[in-house]
Q: 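Take this structure, written in structure tokens, and hold onto it; I'll ask about it next.
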Amino acid sequence: MQKTKLTGVAVPLGALYTKENPVIGEFPDLIPFAQFCKEAGLGIIQLLPVNDTGTQSSPYSGLSAFALHPIYIRISEVPGFGALYGSDSKFKKAYDDFVKANAYTLRYDYDAILNTKTTLLKQIYDFLPVGKTGEPDKELTDWIKANPWVKTYCVYKNLKWNYMQASWKSWHEDDKEITAEQITKRWNTKAFKKEHLFYAWCQMIAAAQFEEAVEEVHKLGLLLKGDMPILMNEDSCDAWAYPEFFNHDLRAGSPSDGENPTGQNWGFPTYNWKNLKAQDYSWWKQRLKTASRYYDAYRLDHILGFFRIWAIPADDCNALNGHTEPYASIKVDDLYELGFDDDRIRWLSKPHIPTSAVEEVTWNRDVAHNILKTMCTRIGQEELWLFDKSIKGSRDIWELDLSSFVDEPAAQKIKAKLVEYWSNITLIEIAKNKYIPLWTYDHSTSWASLNEAEKEGLLDLFAALEKKNVSLWKKQADDIFTAITSGLKMVPCGEDLGVGIACVPKTMEQHKILGLRVVRWTRQWSEPDQPYVPFKDYTPLSVTTTSVHDSSTIREWWDTEKESAKAFVIANATSFGIGSEAEGALFEKDPAEVEKAAQTLAQSDFTPELAQKILSLSATSASQWFIPPLQDFLYMDKSIWLEKASDERINIPGTVTKFNWTYRIPCAVEDLAANKELINKIKGIK
């Protein structure tokens with residue numbers, strides 16, 4: 001563990017570019033960027049994930065847990081490039097046109113760059129002896145032997161290419177469900193050898209370029225911090241090759257909250273921790289061991305997921321019917337003890353759809369009955385219906401064909417109403433005769449029908465479950481962290497934003513895992529006016545930052561979240577010159593006057609001086625490390641601001657666009673290195 005306090009910078013590798021290579025940030029660009037960081041007095045460079053994500057631009061949508069992304073390979077430094085460039089006019093033109101078309105754009109074109117780079121790499125490969133003969137030289141043979149995971153990756157990538165990048169779940173059965181022995185047989189098949197070796201060759205090149213850059217970063221005395229997404233894409237090499245490590249019938253996400261009333265469904269399969277544990281977490285251990293070749297520290301994304309993940313049935317679109325994994329459950333006998341018979345347990349745990357839910361759209365009871373008969377069973381002569389067993393989740397409801405009954409707008413309204421009823425329950429029957437409460441149980445019709453004594457009885461059961469759950473979650477995290485974080489020189493960090501479970505910070509501290517403190521969200525949320533936590537009270541075992549890749553930058557925050565900015569000014573009033581000149585003036589001054597002055601300042605335009613003040617104050621936190629994003633540092637020089645603050649964001653959560661994950665810094669790395677005024681300002685942030 002690094003004992004001295006350090007200031008660093010976070011940046012997506014793709015955001016960097018140089019005048020010589022102005023298309024997209026590449027592994028070698030870390031070298032001049034590290035030189036700039038050294039001049040600016042920074043000690044850590046934090047990168048977003050750099051693993052292969054295939055056609056997905058999000059670095060958190062991994063196609064492989066081990067393979068590096070070939071998009072970050074510098075083509076001009078690949079062995080064989082110079083000879084091919086000098087002898088093949090078509091290749092030369094293709095490369096020159098590629099650079100010209102993609103240089104100095106506001107944001108980079110992920111798809112175009114990936115496709116063209118892949119084509120150029122294939123041409124270089126075919127020009128070399130290995131590509132011509134399909135036989136590896138000693139260097140490649142030795143590299144494959146040292147990286148056995150690459151064989152599985154190569155077989156997968158070649159199949160994905162042949163299936164035109166379609167999800168492996170849509171492949172032919174012989175390719176979709178495959179054993180380790182069959183993968184090895186494919187790898188050894190002579191007809192596929194040349195294609196397989198191409199992907200191995202790309203990985204060897206990427207690793208060599210990255211390792212060389214890391215060596216230079218270390219020579220400059222800097223640390224490199226990586227990012228480890230907790231989850232893998234459903235359409236990933238690992239989910240395909242190691243199905244036993246994943247729950248393919250569940251999807252990870254988060255439960256309902258104020259900003260997301262139906263929760264979040266991220267679409268990634270959850271882990272089968274039981275099977276991972278049975279193999280001594282070998283897959284996770286290898287994943288971290290591979291990362292340790294490059295990084296001195298690593299960030300575990302969504303660290304709460306190691307304690308418990310919000311697991312959503314694959315047949316559901318939203319996250320309302322999800323549950324925690326692991327979980328403790330209520331036995332049916334416990335419900336009998338409270339006086340609930342089978343009919344009332346069914347009332348609590350099965351969606352009951354009133355005829356009126358459909359009738360209010362169709363204005364015709366007979367039509368409503370006919371629609372409900374297609375997917376429901378009526379309860380006697382009541383105007384209540386139960387979903388048939390054919391309905392496994394809300395996805396099935398959305399896929400219903402109601403065109404023979406109503407027009408499309410009416411059909412959509414009916415489906416939306418039925419989806420609401422799908423989650424209109426108090427209990428989920430999680431297994432036969434075992435139940436857990438729905439996260440939003442207190443919004444259900446069945447809960448509202450209970451008397452106070454019945455509600456109190458159930459609440460007592462829920463409270464007992466919660467205690468058991470916390471114990472399960474802590475034990476799971478202890479087991480995992482003990483297994484995967486020990487024996488590594490890398491410093492573990494965890495993204496623990498919004499976690500309100502007491503065992504999480506205690507367990508992280510026990511395993512010496514640094515938490516994350518985003519200044520604008522580090523507030524005393526349960527207190528009146530939700531004041532900011534004083535910087536001196538931050539947990540030492542943590543990393544402080546001013547912004548993250550999923551948030552706005554401090555410029556956009558200041559421009560758009562005025563109440564939050566005002567509260568920040570109030571918390572640091574003396575530093576902003578509000579009140580008398582005496583230390584502690586905030587407490588002597590009329591609070592109304594302080595608030596008025598803070599309001600005036602918060603309403604003012606963002607300036608380089610404000611950026612410097614916010615960064616300087618944040619750097620005083622008690623956290624071990626202070627690592628803001630590069631954008632927030634660059635705000636100290638207005639000449640390199642982009643016109644719109646929104647263009648300086650990396651990602652807008654909940655959206656899938658070409659904008660996301662394609663941020664580029666506003667000037668070449670060489671210009672940063674020549675900006676002595678900015679360098680001196682960054683040096684002053686300690």
Q: Counting only heavy atoms from other residues, nucleotides and ligands, does the tally under 6.0 Å from CD of Q35 exceed 12?
A: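 Yes, the 6.0 Å shell around CD holds more than 12 heavy atoms from other groups.
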Q: With under 30° as parallel and over 60° as perpendicular, where do the rings of Y95 and F98 fit, or are they tilted in between?
A: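 Tilted: the ring planes of Y95 and F98 meet at 30° to 60°.
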Q: Does the Lys NZ or Arg CZ of R523 fall within the cation-pi geometry relative to W525 - under 6.0 Å from the ring centre and within 45° of the axis?
A: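 Yes.
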Q: Just wondering, do I682 and F36 contact through their side chains at under 4.5 Å, heavy atoms?
A: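 A side-chain contact exists here, since the closest heavy-atom pair is under 4.5 Å.
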Q: Please report the shortest heavy-atom distance between A213 and L30, naming the atom on each side.
A: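 Minimum heavy-atom separation between A213 and L30: CB-CB, 4.0 Å.
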Q: How about E20: does its CD atom have over 12 heavy atoms from other parts shown lying under 6.0 Å from it?
A: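 It does not: E20 CD has 12 such atoms or fewer within range.
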Q: Which heavy atom in D632 sits nearest to a heavy atom in S547, and how many Å separate them?
A: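 That closest heavy-atom pairing would be OD2-OG, 2.7 Å.
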Q: Are F626 and L615 packed together at the side-chain level, in the sense that at least one heavy-atom pair is separated by less than 4.5 angstrom?
A: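 In short, these two side chains touch, coming nearer than 4.5 Å.
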Q: Do K219 and E216 sit within salt-bridge range, that is, some charged N less than 4.0 Å from a carboxylate O?
A: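 Result for this pair is yes, salt bridge flagged.
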Q: Quick one: closest heavy-atom pair of L516 and E495, and the distance?
A: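 For L516 versus E495, the nearest heavy atoms are CD2-CG, 4.1 Å.
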Q: Please round to the nearest 0.5 Å and tell me the distance separating atom CD of Q209 and atom CD1 of I31.
A: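 Q209 atom CD to I31 atom CD1 measures 9.5 Å (nearest 0.5 Å).
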Q: Is there side-chain contact between R664 and T105, with at least one heavy-atom pair below 4.5 Å?
A: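 SC-SC contact between R664 and T105 confirmed.
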Q: Find out whether I484 and R287 are in side-chain contact, i.e. whether some heavy atom of one side chain is under 4.5 Å from a heavy atom of the other.
A: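 A side-chain contact is absent here, since even the closest heavy-atom pair is not under 4.5 Å.
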Q: For the pair S292 (side chain) and K289 (backbone), establish whether a donor and an acceptor sit closer than 3.5 Å, ignoring hydrogens and angles.
A: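 Judged by distance alone, yes, a pair lies under 3.5 Å.
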Q: Taking the six-membered ring where the residue is Trp, are the ring centres of Y60 and W661 under 6.0 Å apart?
A: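 So the answer is yes for these two rings.
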Q: Is it true that, when you exclude K562 itself, more than 12 heavy atoms of the residues, nucleotides or ligands shown sit nearer than 6.0 Å to its NZ?
A: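 Counting neighbours around NZ of K562, more than 12 heavy atoms of other residues, nucleotides or ligands fall under 6.0 Å, so yes.
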Q: Just to verify, which of T545, T7, V543 counts as forming a side chain to side chain contact (heavy atoms under 4.5 Å, CB included) with W625?
A: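 Exactly one candidate clears the test, V543.
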Q: Between K566 and E563 (salt bridge meaning N to carboxylate O under 4.0 Å), is one present in this structure?
A: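 Result for this pair is yes, salt bridge flagged.
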Q: Main chain of K676, side chain of N680: is a donor-acceptor contact present, judged purely on distance under 3.5 Å?
A: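 Yes, because the side chain of N680 sits within donor-acceptor range (under 3.5 Å) of the backbone of K676.
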Q: Between the main-chain N or O of P531 and the side-chain N or O of D529, is there a donor-acceptor pair closer than 3.5 Å?
A: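 Pair absent, no side-chain N/O of D529 close to backbone of P531.
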Q: Under the criterion side-chain hydrogen bond (donor to acceptor under 3.5 Å, both in side chains), I'd like the reasoning laid out for Y298 against T485: C-alpha separation, chi angles, the key distance, then a yes or no.
A: CA-CA 10 Å; Y298 62 101; T485 64; 5.3 Å; no
Q: One thing to verify: whether D647 and R107 come together as a salt bridge, which I'm taking to mean a side-chain N less than 4.0 angstrom from a carboxylate O.
A: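 Salt bridge between R107 and D647, a charged N being under 4.0 Å from a carboxylate O: no.
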Q: If you compare all heavy atoms of K683 against all heavy atoms of E39, which two are closest, and at what distance to 0.1 Å?
A: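 Reported closest heavy-atom pair: CE-O, 2.7 Å.
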Q: Any side-chain heavy atom of R520 sitting closer than 4.5 Å to one from I554?
A: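 They are in side-chain contact.
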Q: Output the distance between atom CH2 (W557) and atom CG (D559), rounded to the nearest 0.5 Å.
A: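 W557 CH2 to D559 CG: 10.5 Å, rounded to 0.5 Å.
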Q: Answer yes or no: is there a donor N or O on one side and an acceptor on the other, between the side chain of Q624 and the main chain of L541, under 3.5 Å?
A: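 Not at all, since once roles are kept as given, no pair shorter than 3.5 Å links the two residues.
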Q: Please indicate whether E561 has more than 12 foreign heavy atoms, meaning atoms of other residues, nucleotides or ligands, lying under 6.0 Å from its CD.
A: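 Yes, the 6.0 Å shell around CD holds more than 12 heavy atoms from other groups.
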Q: Is there side-chain contact between H69 and L114, with heavy atoms separated by less than 4.5 Å?
A: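 Side chain of H69 against side chain of L114, heavy atoms only: contact under 4.5 Å found.
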Q: Check whether K117 reaches the backbone of I73 with its side chain - one donor and one acceptor, N or O, closer than 3.5 Å.
A: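 Pair found, side chain donor or acceptor close to backbone of I73.
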Q: May I ask you to decide if C503's main-chain N or O and K474's side chain share a donor-acceptor pair within less than 3.5 Å?
A: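 Flag not set: sc K474 to bb C503 has no pair under 3.5 Å.
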Q: Would R517 and D496 pass as an ion pair if we require N to O under 4.0 Å?
A: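 Salt bridge present between R517 and D496.
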Q: May I ask you to say whether R74 pairs ionically with E212, meaning some side-chain N is under 4.0 Å from a carboxylate O?
A: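 E212 and R74: not salt-bridged.
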Q: If the threshold is 4.0 Å, N to carboxylate O, is there a salt bridge linking K100 and D96?
A: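 The answer is no: the pair does not qualify as a salt bridge.
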Q: Go through the steps to decide whether D296 and K489 satisfy the test side chain to side chain contact (heavy atoms under 4.5 Å, CB included), and finish with yes or no.
A: CA-CA 7 Å; D296 305 287; K489 293 182 179 180; over 6 Å; no
Q: Would you check if P49 and D227 make a side-chain contact, meaning some heavy-atom pair closer than 4.5 Å?
A: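 P49 reaches D227 side chain to side chain.
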Q: Taking ring-ring contact (aromatic ring centres under 6.0 Å, His included) as the criterion, tell me which of W473, Y271, W284 meets it with F306.
A: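 Answer after filtering W473, Y271, W284: W284.
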Q: Mind checking the CZ-NZ spacing from F568 to K613? Nearest 0.5 Å is all I need.
A: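 Nearest 0.5 Å value for the CZ-NZ distance: 9.5 Å.
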Q: How many angstroms lie between CG in D605 and CG in L610, if you round to the nearest 0.5 Å?
A: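 Reported to 0.5 Å precision, the distance equals 9.5 Å.
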Q: Just how far is it from atom CZ of R555 to atom OG1 of T607, taken to the nearest 0.5 Å?
A: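 Nearest 0.5 Å value for the CZ-OG1 distance: 11.5 Å.
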Q: Taking everything shown except E643 itself, do over 12 heavy atoms lie less than 6.0 Å from its CD?
A: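 Atom CD in E643 is not crowded, with 12 or fewer foreign heavy atoms closer than 6.0 Å.
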Q: For the side chain of T657 and the backbone of F659, is there at least one donor-acceptor N/O pair under 3.5 Å apart?
A: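 A pair under 3.5 Å: yes.
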Q: Would you say S61's side chain and S58's backbone share a donor-acceptor pair under 3.5 angstrom?
A: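 No, the answer is negative, given that no donor and acceptor are paired below the 3.5 Å cut-off.
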Q: Verify side chain to side chain contact (heavy atoms under 4.5 Å, CB included) between Y294 and L47, making sure each step is shown before the conclusion.
A: CA-CA 11 Å; Y294 313 110; L47 298 177; over 6 Å; no
Q: Between N51 (side chain only) and A67 (backbone N and O only), is there a donor and an acceptor less than 3.5 Å apart?
A: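 Yes, N51 side chain to A67 backbone: donor-acceptor pair under 3.5 Å.
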Q: Can you name the nearest heavy-atom pair linking W521 to S551, along with the distance?
A: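 Result for this residue pair: CH2-CB, 3.8 Å.
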Q: With a 3.5 Å distance limit and no angle check, can you tell me whether W310 reaches the backbone of A319 through a side-chain donor-acceptor pair?
A: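 It does hold such a pair.
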Q: More than 12 heavy atoms of other residues, nucleotides or ligands under 6.0 Å from CD of Q603: is that the case?
A: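 Yes, CD of Q603 has more than 12 neighbouring heavy atoms, counting only those of other groups under 6.0 Å.
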Q: Can you name the one residue among Y635, Y663, W641 that meets side chain to side chain donor-acceptor pair (under 3.5 Å) with E648?
A: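 By the side chain to side chain donor-acceptor pair (under 3.5 Å) criterion, E648 pairs with just one of Y635, Y663, W641: Y635.
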Q: Do we see a donor-acceptor contact under 3.5 Å between the side chains of D29 and N21?
A: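 There is no such pair (donor and acceptor under 3.5 Å, judged by atom type) between the side chains of D29 and N21.
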Q: Ignoring hydrogens, what is the shortest heavy-atom contact between I513 and G494? Give both atom names and the distance.
A: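 Result for this residue pair: CG2-N, 3.6 Å.
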Q: V214 versus R293: any side-chain heavy-atom pair under 4.5 Å?
A: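 Side chain of V214 against side chain of R293, heavy atoms only: no contact under 4.5 Å found.
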Q: How long is the span from the CD atom in Q524 to the OG1 atom in T522, to the nearest 0.5 Å?
A: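 Going from the CD atom of Q524 to the OG1 atom of T522 covers 11.0 Å.
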Q: In this structure, which one of T18, I665, V217, L630 forms a side chain to side chain contact (heavy atoms under 4.5 Å, CB included) with F33?
A: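 Exactly one option meets the side chain to side chain contact (heavy atoms under 4.5 Å, CB included) with F33, and it is L630.
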